[in-house]
Every structure is written in structure tokens, then in C-alpha cells.
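Below is one structure, written out as C-alpha cells; comments come after it.
Below, chains carry the letters A, B, ... as their sequence lines are ordered, and counting in each starts from 1. This structure is a prediction, so every number in the text was calculated from the model and none was measured.
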2 protein chains.
Amino acid sequence: MAAAADISFRALCEQQGIAVTHQREVLYEVMQSMHGHPSPEEIYAEVRQRIPTISLATVYKNIHLFVESGVLREVSLHHGTVRVEMASSDHHHVVCSRCKSITDIDEAELGLLPKHDRLPGGFLVERYAVDVIGLCAKCQQA
Amino acid sequence: MAAAADISFRALCEQQGIAVTHQREVLYEVMQSMHGHPSPEEIYAEVRQRIPTISLATVYKNIHLFVESGVLREVSLHHGTVRVEMASSDHHHVVCSRCKSITDIDEAELGLLPKHDRLPGGFLVERYAVDVIGLCAKCQQA
DNA sequence: CTAAATGCAAAGAGTTTGCACAAAT
DNA sequence: ATTTGTGCAAACTCTTTGCATTTAG
């Protein structure tokens, strides 16, 4: 459809070494048009309006591809299971985007950020959680 | 066992209006002794060494209770399903801990925080993700 | 033509729920 | 005595996988 968008999508696929399929193209367009933080099911519902025969599995597979290629990002990293910690000191997390390992970092080491108690719209702040996301030393060798 | 710890645990239960059970007490002690960011299964494995008959369901139920009472916190808020977004502008998230709604906030609105490209230990930073966690306007009326 | 992607259905992981029995208040 | 919690098993939700079929390069 939109030539520019199409060109950049093909370029993206080439760069990633993946095929340009109709499903992929529509998925990409739909995700660009969706605001917010959709779940796979929500994306599926949307894409289905244009490709009624698409499968949820294809949506999942392509979401993963797009996350790996950096087009999409997960709102919060999925560790497979819930992880809890004692609600103690002011620390934050360093998370490896590949192996999903979590280590702590003191707020002092991060450098302070200014904190609000309330946000416009009446949101009442309980706490700030900072994730430093990247690759741990081990995962850099791959 | 440790009198002081026991007293504070009983106080905690009273404050939360919940019963002081053996399972709860051991869970609490185990969680205090575990460093890191354990999953329910990991906590279960640990508690089982002291109460071999405890059930995973009980572990889950009590983890929820402890999270609600603020003793524990989830390392990253669990939205039930994966949520993705376009990897575009520098923005962060405002997340309601009750209804789990997510809204965006510009980095400029948060106030800049100093960013590192590398962390001691060789961690390579890709990005910073800040979650402002609290209660949205709607959830404050409950 | 051949390599990769899709769709389907089945399997898997993690988590929740209903209910009978047991323990706490 | 009454309420609350536990353990078990079944159910559920979300996600992944295997494989035959289809599509892209």
C-alpha cells in the first residue's frame, strides 16, 4: 500500500534475513497503527480483520521475530515465571535481555533520579522501579 | 524460634488480619533467607525442606498475600500476558499495581537520569526502562 | 526447485480454583 | 464453635512445538 512503509518493511526483512510474507507485512502495519501495549491476543484480533485465516501461532512467532530484531519490545521482560523479592532497600535491577538473569543495583550506583509523589491525572506513586536492560558479560559472547 | 522475628511475624499477621500458621511462618523465614529473585517453584523447593508436605498451591496463595501486604514485591509486574510496543521514542511506563493498566510517560516528564553504557562486571547497557508504580485515579477509590 | 513460513492441533508451563479435611482463633 | 487455611487434583490461561501444507526466493 503505502510505498515508503512497504520499502522500509522489505528493507527490514532483508536486514533480518527473513521472508516478506503477507502475514508479516500486515502484522507490521497493524502494530504500527495500534497505540498502547497490546497483548498477542489483541494483535491477533486486529490482524484477523484483514487476514481472517491467520493463526495465533503465526502471531506469536512473528512477535518473537520482531522483538529479536528490535522493532518491538516487551513492556516488561518475561521471565517465564513470577519473581519476587523482599520489599526492602532502595535498589533496582539489571536484567539481561538474552538469558533474563536479574541482579540488583543500588539506587546510589545508578545516580538519583527526581521522583514525583503524584502524576498529572491523579496517579499516586508508590515507587520507582528502574530496569537497566542489556547483555550480561556471558551473553555478549554469542 | 528467633523471638524478635517471631514477634514481628505475628504482628504482621495481626495487622493483615490473617492467621499465624506454621506454613506461613516458615515461608516468611525462608523468603527472608533467600537472596535473589526466586520463583514460586524455587520458594516451594526451599520450604519443602522444612515442611515436606506443603503444597505448591499454598505457596502461591501466600506469595499473593505477602505481595498484597507489601512484604514481598514482584520483580516486574505480571500483566497476565506479554505486552509489546513499538520500540520507538524514549518513554517509560506508569503502571497501576492494582488494575495493571499501563500508560506512557515521556522521559522528559520524568526528569532525566544519568545513564551508563557499561556497568561494572562488563554488562553492556541497551536501554533503561523506568516503571512508575502506584495507584491510578480509579483504583484509589477502593 | 528448495528453503522458509503458515496453520492446525496437541502439548507444555505456570498458575488458579473448588472442595474436603485440618488447624487457628 | 466458627472461621480460616491447607492439600490435593482438576481446570485454566498463555505460550510453544511438531508436522503437513503452502508460499517466497
Side-chain angles (χ1 to χ4, degrees), chain A residues 6-7 9-28 30 37-45 47-69 71-72 74-84 100, chain B residues 6-7 9-30 37-69 71-72 74-84 100:
Chain A
D6 183 60
I7 287 165
F9 178 70
R10 298 192 93 87
L12 173 70
C13 289
E14 238 161 86
Q15 182 199 317
Q16 293 298 316
I18 62 175
V20 180
T21 65
H22 183 214
Q23 286 85 339
R24 238 110 73 192
E25 206 160 358
V26 171
L27 259 163
Y28 183 74
V30 158
H37 314 88
S39 65
E41 284 282 356
E42 286 166 343
I43 294 167
Y44 177 52
V47 175
R48 222 128 80 107
Q49 299 193 44
R50 292 179 52 187
I51 314 180
T53 57
I54 198 172
S55 74
L56 184 54
T58 297
V59 172
Y60 270 99
K61 285 168 188 166
N62 283 306
I63 285 174
H64 289 325
L65 272 180
F66 286 135
V67 168
E68 277 161 36
S69 70
V71 173
L72 288 181
E74 296 181 25
V75 169
S76 47
L77 293 200
H78 178 243
H79 295 105
T81 105
V82 164
R83 304 295 203 84
V84 292
K100 306 297 170 71
Chain B
D6 183 59
I7 286 166
F9 179 70
R10 298 193 92 86
L12 173 70
C13 289
E14 236 161 86
Q15 181 199 317
Q16 293 298 317
I18 62 175
V20 179
T21 66
H22 183 216
Q23 286 84 338
R24 231 102 89 175
E25 207 161 354
V26 171
L27 258 165
Y28 183 74
E29 285 171 25
V30 159
H37 315 87
S39 64
E41 284 282 355
E42 286 166 344
I43 294 167
Y44 176 53
E46 203 66 25
V47 174
R48 222 128 83 104
Q49 300 193 45
R50 291 179 53 187
I51 312 178
T53 56
I54 199 173
S55 75
L56 185 54
T58 297
V59 172
Y60 269 101
K61 284 168 189 168
N62 284 306
I63 285 174
H64 287 142
L65 273 180
F66 286 135
V67 168
E68 276 162 36
S69 70
V71 173
L72 288 182
E74 296 180 27
V75 169
S76 46
L77 293 199
H78 179 243
H79 295 104
T81 104
V82 164
R83 303 298 202 85
V84 291
K100 306 297 170 70

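OP1 or OP2 of C:dA13 has not a single side-chain nitrogen or oxygen of A:Thr81 nearer than 4.0 Å. Note on A:His64: a side-chain N or O is less than 4.0 Å away from OP1 or OP2 of D:dT16. Within the 4.0 Å cut-off from OP1 or OP2 of C:dT6, at least one side-chain nitrogen or oxygen of A:Arg24 is found. Side-chain N/O atoms of A:Gln23 include none lying less than 4.0 angstrom from OP1 or OP2 on D:dT23. Listed pair B:Thr21 / D:dT6 meets the phosphate criterion, a side-chain N or O lying under 4.0 Å from OP1 or OP2. OP1 and OP2 of C:dT16 both lie 4.0 Å or more from every side-chain N or O belonging to B:Tyr60.
Here the nucleotide nearest the side chain of A:Thr58, chosen from C:dT15, C:dT6, D:dG7, is C:dT6. Set against C:dT15, C:dA5, D:dT15, the side chain of A:Val82 has C:dT15 as its closest nucleotide. In this structure, the nucleotide among D:dG5, C:dG7, D:dA24 sitting nearest to the side chain of A:Ala19 is D:dA24. The side chain of B:Arg10 lies closest to C:dT25 when the candidates are D:dG7, D:dG5, C:dT25.
One atom, CD1 of A:Ile51, and another, P of D:dT22, lie 17 Å apart when rounded to the nearest Å. Between the CG atom of A:Leu56 and the C1' atom of D:dT16 there is a distance of 11 Å, given to the nearest Å. In this structure, the CD atom of A:Glu25 is 14 Å from the C1' atom of D:dT23, given to the nearest Å.
Here B:His79 lies out of heavy-atom contact (under 4.0 Å) with every strand. Within 4.0 Å of B:Thr53, counting heavy atoms only, lie sugar-phosphate atoms of the nucleic acid but no base atom.
The number of heavy atoms from other shown groups lying within 6.0 Å of CD (A:Gln16) is above 12.
Using a 4.5 Å heavy-atom cutoff, the side chains of B:Thr81 and A:Glu41 are not in contact.
Here the side chain of B:Arg10 pairs no donor or acceptor atom with the backbone of B:Val20 at under 3.5 angstrom.
Shortest non-hydrogen contact noted between B:Val84 and A:Leu72 is CG2-CD1, 4.1 Å.
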